[in-house]
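All remarks here apply to the structure that follows.
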Amino acid sequence: MKQIIIVGAGASGLVAAIKAATIGAAVTVLEQNDRPGRKICATGNGRCNMTNLNNIENAYRGSHPEFVKDALKQFSVDDTLSFFQKLGICTTDRSGWIYPRSNQAQSIVDVLTMKARSLKVKLKTNQYVTGVSFTGGHWNVHTNGWTYTCDAVILANGSKASSVAGSGESGYKIARSLGHHLIEPLPALTALKCKENYFSGWSGVRTEGKVTLYINGTPETSQQGELQLTDYGVSGIPVFQISRYAIRAIYEKKKVELSINFFPELTKQELQEYLGRRKNDCPYKNEKELLTGLFPEKLIRVLAAQKDLISAITDFRLSVKSGLSFEQAQICSGGVDTSEIDSHTMESRLHKGLYFAGELLDIDGTCGGYNLQWAWSSGATAGIHAAKEENS
């Protein structure tokens, strides 16, 4: 019976354990926290956005985003839904964003751990892995109190992102010690801090808008939706979606700006004509009063204070200085270089019997369940291939 050690009892680690044990491997999962799945419980504001039915372009990012294709074929969105349905999860569909009907992320953790234990998977908590080595024809996983010997190791440690205790650098350190190259991990899916000094005026405002990212003066990407204006800059899902590009550009010492269009429904010319009609209808209103009913009051004060009102509404420029911290980010960009990993098996190209899954790799998804889908798919792929016998 093949012996497998999985480092990390998060989303990818638990699915890897179930898949490997189903094939017949003897599986032990080492988790540094006091219970499995703590980060799963924090996803989707505690509701767990499990996956997404919308097959959007550029859902996955990284140095080699095409790396995800093989794993997503082997364990697809449909496979994910079927897998969890068989474990007892009833789902609800919110415009393609899939959640457990219980609206509790803990339900996902519970059914995964129930299934793992039914397959005799050993879930060992409070186990901090200090290193991994290969000697005497076996892999050795070292903790503070013990060394576990096995035939294959799956590193599913997760990333530095999240305020959940235990999110950290252990997986990166182990990968480096084994000769793997890292793309610098940086916060992603997070808000952006900007350099201007008038943010207290609009802090707390939620408004629809379109945000465009400029890097060294060139527009790179845009997102539209509800923006949250803060006392340090901007937040909201559209900002989260572009944050990984902004933060990596700042890391590379590039000039990073945002342009916010607070009325993307109209062109500049159309907006000018529209405001002209509003003035004709209400000639007693001043410029600031004409905006009442279009924008929140706090935003009106900021917009009206700018020299060119039309430009302020359609092209409000911000200079980005940083993202928020790893603790305040939902995910990381960067991680173990995927060019050193076999995309079909998740096995290291440097070491036979060493596998990777989930956030530890240089793959990050956009908002909407794509990061969890990557965890399920890469974990399942790693578990299946790690458990296969040599000649199978």
Side-chain angles (χ1 to χ4, degrees), residues 54 56-59 61 95-96 191-250 254-321 323 366-368:
N54 302 310
I56 66 171
E57 188 178 1
N58 300 322
R61 298 90 173 264
S95 301
L192 294 174
K193 293 182 178 180
C194 301
K195 298 178 182 178
E196 287 71 20
N197 58 8
Y198 43 68
F199 297 130
S200 60
W202 71 15
S203 179
V205 168
R206 290 174 179 260
T207 187
E208 291 295 311
K210 180 180 180 180
V211 59
T212 300
L213 174 67
Y214 283 77
I215 298 176
N216 286 342
T218 301
E220 296 291 337
T221 184
S222 297
Q223 291 286 329
Q224 188 168 327
E226 186 182 70
L227 303 175
Q228 298 174 31
L229 310 182
T230 71
D231 59 1
Y232 55 78
V234 286
S235 185
I237 288 180
V239 176
F240 279 29
Q241 305 288 49
I242 66 174
S243 62
R244 65 101 61 208
Y245 301 110
I247 293 167
R248 295 210 77 84
I250 291 167
K254 296 176 181 176
K255 182 182 179 183
V256 179
E257 293 178 293
L258 299 179
S259 167
I260 301 178
N261 186 341
F262 290 108
F263 212 119
E265 301 95 320
L266 302 179
T267 65
K268 270 191 176 185
Q269 180 64 35
E270 289 169 341
L271 177 62
Q272 188 126 27
E273 293 170 357
Y274 176 60
L275 292 180
R277 291 195 297 273
R278 287 173 71 89
K279 182 66 174 177
N280 288 336
D281 291 338
C282 304
Y284 52 87
K285 291 183 180 180
N286 61 32
E287 186 177 69
K288 181 180 175 183
E289 291 169 339
L290 282 174
L291 302 183
T292 300
L294 293 181
F295 306 111
E297 178 60 29
K298 291 175 75 173
L299 178 57
I300 290 174
R301 290 199 294 267
V302 173
L303 293 174
Q306 308 306 308
K307 292 180 179 179
D308 183 336
L309 180 61
I310 299 297
S311 292
I313 293 172
T314 60
D315 186 19
F316 198 101
R317 291 296 178 118
L318 299 172
S319 301
V320 182
K321 63 180 180 181
T366 189
C367 287

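Quantities reported herein were computed from a predicted structural model and do not represent experimental measurements.
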(request) Measure the CG-CD distance between D315 and Q306 for me, rounded to the nearest 0.5 Å. (result) 11.5 Å
(request) Could you grab the distance from atom CZ of R206 to atom CG of L299, nearest 0.5 Å is fine? (result) 14.5 Å
(request) Please name the residue in the list I250, I215, V239 that meets the side chain to side chain contact (heavy atoms under 4.5 Å, CB included) test with V320. (result) I250
(request) Only counting residues at least two apart or in another chain, list the ones meeting side-chain hydrogen bond (donor to acceptor under 3.5 Å, both in side chains) with N216. (result) none
(message) Do K288 and R301 have side chains that approach each other closer than 4.5 Å (heavy atoms only, starting at C-beta)?
(response) yes
(message) Rounded to the nearest 0.5 Å, what separates atom OG in S319 from atom NZ in K255?
(response) 6.5 Å
(request) Nearest 0.5 Å please: distance from the CD atom of Q228 over to the CD1 atom of I237. (result) 8.5 Å
(request) Would you check if the side chain of Q241 reaches a backbone N or O of T366 as a donor-acceptor pair within less than 3.5 Å? (result) no
(message) Ring-plane angle category for F316 and W202, please: parallel below 30°, perpendicular beyond 60°, tilted otherwise.
(response) tilted
(message) Against F262, only a single residue in L291, L271, L229 fulfils side chain to side chain contact (heavy atoms under 4.5 Å, CB included); can you say which?
(response) L229
(request) For the residue pair K321 and E196, establish whether any side-chain heavy-atom pair is separated by less than 4.5 Å. (result) no
(message) Return the CG to OG1 distance between L309 and T314, rounded to the nearest 0.5 Å.
(response) 9.0 Å
(message) Is the shortest side-chain heavy-atom distance between V211 and V234 below 4.5 Å?
(response) no
(request) Kindly determine whether R61 and Y245 satisfy side chain to side chain contact (heavy atoms under 4.5 Å, CB included), including the steps that lead there. (result) CA-CA 10 Å; R61 298 90 173 264; Y245 301 110; 3.1 Å; yes
(request) Name all residues meeting the side-chain hydrogen bond (donor to acceptor under 3.5 Å, both in side chains) criterion together with R278; count only those two or more places apart in sequence or in a different chain, and write none if there are none. (result) Y274
(message) Testing the basics here: between V256 and A249, what is the closest heavy-atom pair and its distance to 0.1 Å?
(response) CG2-CB, 3.6 Å
(message) What verdict does the side chain to side chain contact (heavy atoms under 4.5 Å, CB included) test give for L275 and L294, after you've listed the backbone C-alpha separation in whole Å, the side-chain angles of each residue and the deciding distance to 0.1 Å?
(response) CA-CA 10 Å; L275 292 180; L294 293 181; 3.9 Å; yes
(message) Is it the case that over 12 heavy atoms from other parts of the model lie below 6.0 angstrom from the NZ atom of K279?
(response) yes
(request) For N54 and S95, work out which heavy atoms get closest and say how close. (result) ND2-O, 3.0 Å
(request) Taking all non-hydrogen atoms of both residues into account, name the closest pair between Q223 and I242 and its distance. (result) CG-CG2, 3.6 Å
(message) For S203, is there any backbone N or O sitting under 3.5 Å from a side-chain donor or acceptor partner on K298?
(response) yes
(request) Tell me whether the guanidinium CZ or amine NZ of R317 lies under 6.0 angstrom from the six-membered ring centre of Y214 and within 45° of its axis. (result) yes
(request) Please report the closest heavy-atom contact between S222 and K210, naming both atoms and the distance. (result) CB-CE, 3.7 Å
(request) Starting at CG of L303, measure out to OG of S311 and round the result to the nearest 0.5 Å. (result) 11.5 Å
(message) Could you report the tightest heavy-atom contact between T267 and E270, atom names first, then the distance?
(response) N-OE1, 2.9 Å
(message) For T212, run the side chain to side chain contact (heavy atoms under 4.5 Å, CB included) check against P238, P219, P264 and tell me which one passes.
(response) P219
(request) Please lay out, stage by stage, how V302 and F295 fare under the test side chain to side chain contact (heavy atoms under 4.5 Å, CB included). (result) CA-CA 11 Å; V302 173; F295 306 111; over 6 Å; no
(request) Can you see which heavy atom on A191 is nearest to which on F240, and at what distance? (result) N-CE1, 3.5 Å
